[in-house]
Structures are given as C-alpha cells and as structure tokens.
Protein chains: 2
Amino acid sequence: MAALNEFSLIKTYFNQAAPEGYLGVGDDCAVFAVRPGYQLAVSTDTLIEGRHFFSDTDPFQLGHKALAVNLSDLAAMGAQPKGCVLALAVPAIDDAWLQSFSAGFYALANQAQCPLIGGDTTRSSTDIMFTVTVFGEVPITQALRRDLARVDDDIWLTGTLGAPDLALQYLAGQMPLDADRLSASRPLLEKPQPPFAFAPHLLGHAHAGIDISDGLLQDLSHILQASHCGAQLQWSQLPVHSSLLGLEQQQQLQSVLAGGDVFQLCFTAPKSERSYLLELAALHSVQLTRIGTITQATGLEVLDAQQHPLPLPAHLGFDHFTL
Amino acid sequence: MAALNEFSLIKTYFNQAAPEGYLGVGDDCAVFAVRPGYQLAVSTDTLIEGRHFFSDTDPFQLGHKALAVNLSDLAAMGAQPKGCVLALAVPAIDDAWLQSFSAGFYALANQAQCPLIGGDTTRSSTDIMFTVTVFGEVPITQALRRDLARVDDDIWLTGTLGAPDLALQYLAGQMPLDADRLSASRPLLEKPQPPFAFAPHLLGHAHAGIDISDGLLQDLSHILQASHCGAQLQWSQLPVHSSLLGLEQQQQLQSVLAGGDVFQLCFTAPKSERSYLLELAALHSVQLTRIGTITQATGLEVLDAQQHPLPLPAHLGFDHFTL
C-alpha cells in the first residue's frame with residue numbers, strides 16, 4: 001500500500017485531461033454542453049467484487065468492463081456516448097491494480113469517445129466496488145425505448161449468446177473445467193464489447209431496444225411487457241457462441257436463453273429495414289442476427305426446427321436479489 | 001427479509017413517476033433535455049456504511065443525506081438541480097429500512113425539484129452503500145469555479161461550522177458524551193441543508209465557489225491553489241455553531257476549521273456585491289457570513305482579534321484514505 005491520499009490517487013491514476021468544451025476532474029462538478037436538438041441519456045451501474053466479478057479478475061479488463069456495461073445501456077437507447085463519471089471504492093491503495101484498472105478504463109473511454117470527466121474515490125471496508133454513470137446524446141424523441149415494439153417487427157440481436165454464462169460456470173466451479181471452452185468463452189465475460197458505435201445509427205430505423213444484461217428471455221420480456229405484445233424466437237437462428245457447440249441441449253438452452261452479462265443489443269425493426277440493418281452491421285463489423293418476430297399474442301416462445309415450443313429454462317435470468 | 005427481487009424492489013420503493021419531459025425509471029437510460037443556453041453540471045458521491053455513516057443512522061435522514069451531499073456539489077457550481085440517479089447496494093432487503101430511506105430521499109428530491117430518474121440496485125456482501133449522481137443546469141460559461149477567485153474578493157460562507165464534526169466525535173466515542181451538545185449538533189451531521197436554491201442566484205455576482213465537505217481550510221485551499229492567491233480569515237467572524245460555544249479553543253479550532261461533512265457553500269465575490277448578497281441570503285433564509293478576504297500573498301491565515309495568526313489544527317481536514 002503506497003502513501004497516497006485521495007487527491008494524489010486521482011492525480012496519479014485518473015489524470016487524463018478532459019477534451020475542450022468540458023470542465024473535467026478537479027472541480028465540484030463536471031460541466032459540458034448538450035447539442036441543440038439532442039436530449040441527454042443517463043445510466044448508472046454498480047459492480048461489486050465477489051458479486052459481479054471475481055477478486056482475481058485482471059484489473060485492466062475490469063476497468064474496461066466497468067465502462068462497457070454502461071455503454072451497453074446507452075446503446076440500448078441508440079444514444080451516442082458523451083462522457084462518464086466513476087465512483088471507486090477500494091479497501092487499500094494498490095499501485096499496480098489502480099494503474100491497470102485506470103488503463104483499461106481509459107482505453108475503452110478513448111475508443112468510445114466517452115471521456116472520464118469526474119468521480120469520487122473512497123475507502124471500502126473489504127470489497128472493491130465501482131459505480132459508473134454514463135451520459136449520452138440522443139436526438140429529441142428518437143430514443144429506442146422498451147415500449148415501442150410493433151406486431152410483425154423482426155427481432156434482431158448483435159453479437160453472440162451463451163459464452164459469458166458458460167465462462168462464469170467454469171470459474172465458479174459449477175461445471176467440470178474444460179480448459180478450451182473456458183479460454184474461448186472467458187473474454188466475452190470479462191471484456192464485453194457493446195455495439196456503442198453501431199447503435200446510434202438505428203434511430204429512425206428500429207423501434208424498441210434493450211441490452212442483454214440479465215439474459216435474453218428476461219430482457220426481451222421487458223420489451224414485450226412494455227409494448228403489450230409477444231414474441232416467437234427460432235432456436236436454430238440464435239447466434240450460439242462457438243464455445244458452447246457440442247454441449248448438451250439443456251446446458252445450451254440455459255446459457256443462451258437465460259445467461260446474463262452479454263451486453264449486446266436486442267432490438268425490433270420493421271421488415272422493410274432488413275437490408276439497411278445488414279449493411280449497417282457490415283459497415284461497423286457487428287455480427288447481427290435476425291432471431292424472431294414480434295407477435296400480437298402475448299407470451300414468449302422459442303421454437304425448434306419443427307416449430308414446436310422448446311421447454312424454457314427454470315431460471316429465466318439473472319436477478320440481483322433472488323439468486 | 002421479504003421475498004422481493006430487484007424489479008419489485010424498484011417498483012415498491014422507488015416508484016414515483018418522473019415529471020413530464022423526462023423518460024425515467026424503467027428503461028435502459030433516463031432521458032431528459034437541457035435548456036438551450038445551459039450546460040450540464042454533473043457530480044457523483046458514494047457513501048458507505050461504517051465509513052461515511054453509522055449503521056444505526058436513521059434511514060430517512062440517510063436518504064436525505066445521500067442526495068444532499070450531491071446537491072451541495074451542484075450548489076458549489078451555482079447549478080440548478082435537474083435530476084439524479086441512485087445506485088443502491090444492500091446486503092439484504094429490509095422493508096422498513098428501504099421504506100424510510102426512499103421516503104427521505106424523495107422528500108429532498110421533491111423539495112429541490114431534482115427528480116430521481118434512474119438507478120441500479122444490487123446486493124452487497126456486508127455494508128450498505130450508495131452512489132448518487134446528480135445533474136444540474138448552469139448557463140454556459142457562468143459556472144462558479146475554483147480557479148476564479150480574485151485578489152481583494154470577500155470570502156463568504158453559508159450556514160455554520162463545527163457542528164457535524166462535534167457530533168461525529170461524540171458518536172464515535174472520541175469525546176466524553178455531552179447529551180445537550182450532541183442533540184444540538186447531530187441534525188447538522190445527519191441532515192445537512194446545502195443552499196441549492198440560493199446558489200444559482202450567485203452567478204454573475206460571485207467569482208469562485210466550493211462546498212465544505214472535507215473542512216473549511218482544506219476546501220478553501222483548493223480555491224486558493226486553483227486561483228493562485230491566498231486568504232486571510234477572521235476567527236471572530238466565523239459562524240461557529242452554538243453547540244460548540246464554551247468548548248476549549250483547541251477543540252473549536254479543530255472542529256470549525258478542519259471538520260468535514262458541512263455541505264455549506266464557501267464563495268468569493270467582489271466587495272461591490274455585498275448588499276446584493278445579503279439581500280439574496282435574507283430572501284432565501286440562508287445564514288450568510290463574510291469570513292475573510294482573498295490576498296495576493298499565497299497561504300492561508302486565520303487571524304485572532306489582535307490580527308495575529310492562530311496556530312492551525314494539525315489535521316487540516318478529512319481525507320478518505322489517509323485518515
């Protein structure tokens with residue numbers, strides 16, 4: 001533990017200058033402008049050691065993930081990243097850990113053009129924890145929302161499903177270790193890549209959107225409830241991550257349909273937008289898959305190749321209190 | 001512990017509707033507009049059980065304080081409250097505690113017209129902790145900043161000094177209990193009243209501002225360093241809280257000059273603004289005291305009645321890591 005106090009901690013590790021037009025770290029508030037015609041979108045998420053990440057997680061990846069889970073929420077609204085603040089609580093000052101954590105955080109902040117403009121550091125009693133609040137801009141009244149899905153919309157998904165949950169099960173000792181599957185799936189758990197550059201281009205083309213943090217079925221259900229409709233998904237079309245191939249179907253169903261920590265985007269759009277969306281995805285190197293259809297009948301079904309509903313996992317997704 | 005999950009927790013305790021023009025709790029992001037000609041001011045602060053508050057603190061007052069410490073940062077910029085998000089981590093769901101905490105939070109949010117528009121709830125391993133991020137509006141380029149104090153400015157302070165630190169010492173058992181002094185000082189520790197309605201009217205009249213969270217000397221020093229100047233304070237003019245009267249001078253010096261958790265506003269303004277400021281304070285029922293002068297010579301002195309510098313406390317203020 002180094003002889004640092006709170007002020008030198010901030011100056012040492014979180015000292016990258018804010019861009020022009022921002023009043024950043026070092027005053028009581030960060031201050032910045034929102035472009036005329038745009039609204040501000042805000043999201044906040046806390047990650048706690050032992051609950052959201054293992055104590056031995058590589059701090060560079062943790063710094064990345066702290067911001068990534070919030071960028072995922074911005075993407076779910078189609079908002080463009082604008083800036084963020086970080087509240088960090090650590091039980092002691094560990095130079096190497098802080099150096100690596102801040103480097104991971106800044107690397108993604110720079111990539112996403114989402115400068116760190118303020119924060120708070122404090123000492124916790126035992127666990128490392130951090131809350132990131134992120135700000136984005138979205139054109140007035142155009143945000144993707146949960147309540148705007150329409151009957152016959154296509155349902156789309158970026159990225160793949162299942163890998164974060166599989167990695168989590170190996171790391172938690174809930175499954176016999178398979179080193180190859182773990183090394184293939186672990187990066188998706190520890191370094192999620194939400195489609196923050198792709199998502200703002202969905203405005204005016206997509207209807208409803210949500211990010212997959214608690215599991216596909218649970219998160220999609222939020223759209224269905226808010227939009228008063230249902231959905232049919234095609235199991236054969238779901239983008240199952242390659243690390244799950246060959247596992248028993250029961251395991252696949254659980255990880256793909258109910259596995260959390262995905263931080264990819266699920267959205268609905270009219271059929272007329274198919275070619276636009278596929279071109280957009282190619283332009284941004286985003287894997288994009290059409291996984292089902294919004295239905296008038298409420299409820300959520302996952303159909304097998306014979307169009308029969310599959311039995312759904314007992315646990316529909318992650319809940320921060322009941323698990 | 002009730003059988004609630006994360007979603008019903010939010011629906012049960014944090015369910016007040018957002019005002020018109022806000023997209024609030026229940027989507028991936030909160031969304032709101034910033035008025036043309038205004039910038040957004042943002043601040044974030046974490047409070048942790050056992051570090052920032054005692055485990056048996058009345059949860060209503062804790063809900064108040066969670067927001068108050070952030071409103072204090074907005075006041076320090078002269079920003080008008082606009083909205084806030086709350087990230088709450090609790091080890092278990094305690095109905096009565098959550099009911100009271102949320103009531104205290106909403107009471108101040110309503111009073112300050114600072115609606116709760118989003119958040120995150122999660123389970124912590126042992127301690128209760130929460131991070132509030134608050135948003136305010138401030139006219140472009142007019143924010144009070146730390147680096148704008150000018151030589152010969154008056155130094156002003158809202159409220160009183162010393163009571164929160166005195167209460168903290170009694171509650172922590174660092175001083176023999178004096179029940180009368182504790183009951184007089186404790187409300188200022190547990191229910192701080194930052195001048196959030198008064199502060200926006202300082203714009204165009206005051207130069208530099210900061211809120212007193214870590215102690216007058218330490219926080220004022222941030223203004224002096226950023227503005228490259230010094231200050232002389234008059235001990236006899238400092239608004240010492242009545243609960244400290246009659247204590248030894250050494251104790252008073254420590255609590256008044258170095259005591260934290262005050263959440264009142266220290267700002268500088270030209271002498272020509274004296275009558276405006278006193279009228280403004282009267283209009284808002286804010287206690288306002290002129291406590292000293294900004295000097296060209298750097299350094300910070302507190303002068304006694306004979307204009308001799310007083311010996312300053314050994315600990316200049318609260319630091320979240322070195323204490």
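Numbers restart at 1 for each chain; the letters A, B, ... are given by sequence-line order, proteins then strands. None of these values were measured; they are calculated from a predicted model.
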Next on the checklist: So, taking the atom named OG1 in A:Thr133 and the one named CZ in B:Phe135, what distance separates them when rounded to the nearest 0.5 Å?
Outcome noted: 6.0 Å
Item to check | CG-SG distance between A:Leu40 and B:Cys29, expressed to the nearest 0.5 angstrom | outcome: 9.0 Å
Checklist outcome for this item: Of A:Ala87, A:Gly83, A:Ala143, A:Gly50, the largest count of non-hydrogen pairs under 4.5 angstrom with chain B goes to A:Ala87
Next on the checklist: Can you list the residues of residues 70-78 of chain B that sit under 4.5 Å from chain A, counting heavy atoms only?
Outcome noted: B:Asp73, B:Leu74, B:Ala76, B:Met77
Checklist outcome for this item: Those residues at least two apart in sequence (or on a different chain) that pass ring-ring contact (aromatic ring centres under 6.0 Å, His included) with A:Phe101 are A:Trp97, A:Phe130
Item to check | Heavy-atom proximity to chain B below 4.5 Å, by part of A:Val138 | outcome: side chain
Item to check | Which portion of A:Thr44 sits near chain B, non-hydrogen atoms under 4.5 angstrom | outcome: both
Checklist entry - What heavy-atom pair brings B:Arg123 and A:Arg51 nearest, and what distance separates the two atoms? => result O-CD, 2.8 Å
Checklist entry - If we ignore angles and hydrogens, is there a donor and acceptor under 3.5 Å between the side chains of B:Asp127 and A:Ser125? => result yes
Item to check | Residue pair A:Phe32, B:Val42: steps toward the side-chain contact (heavy atoms from CB on, under 4.5 Å) verdict | outcome: CA-CA 9 Å; A:Phe32 61 93; B:Val42 175; 3.9 Å; yes
Checklist entry - Only one of A:Thr122, A:Thr46, A:Thr131, A:Ile48 clears side chain to side chain contact (heavy atoms under 4.5 Å, CB included) with B:Met129; which? => result A:Ile48
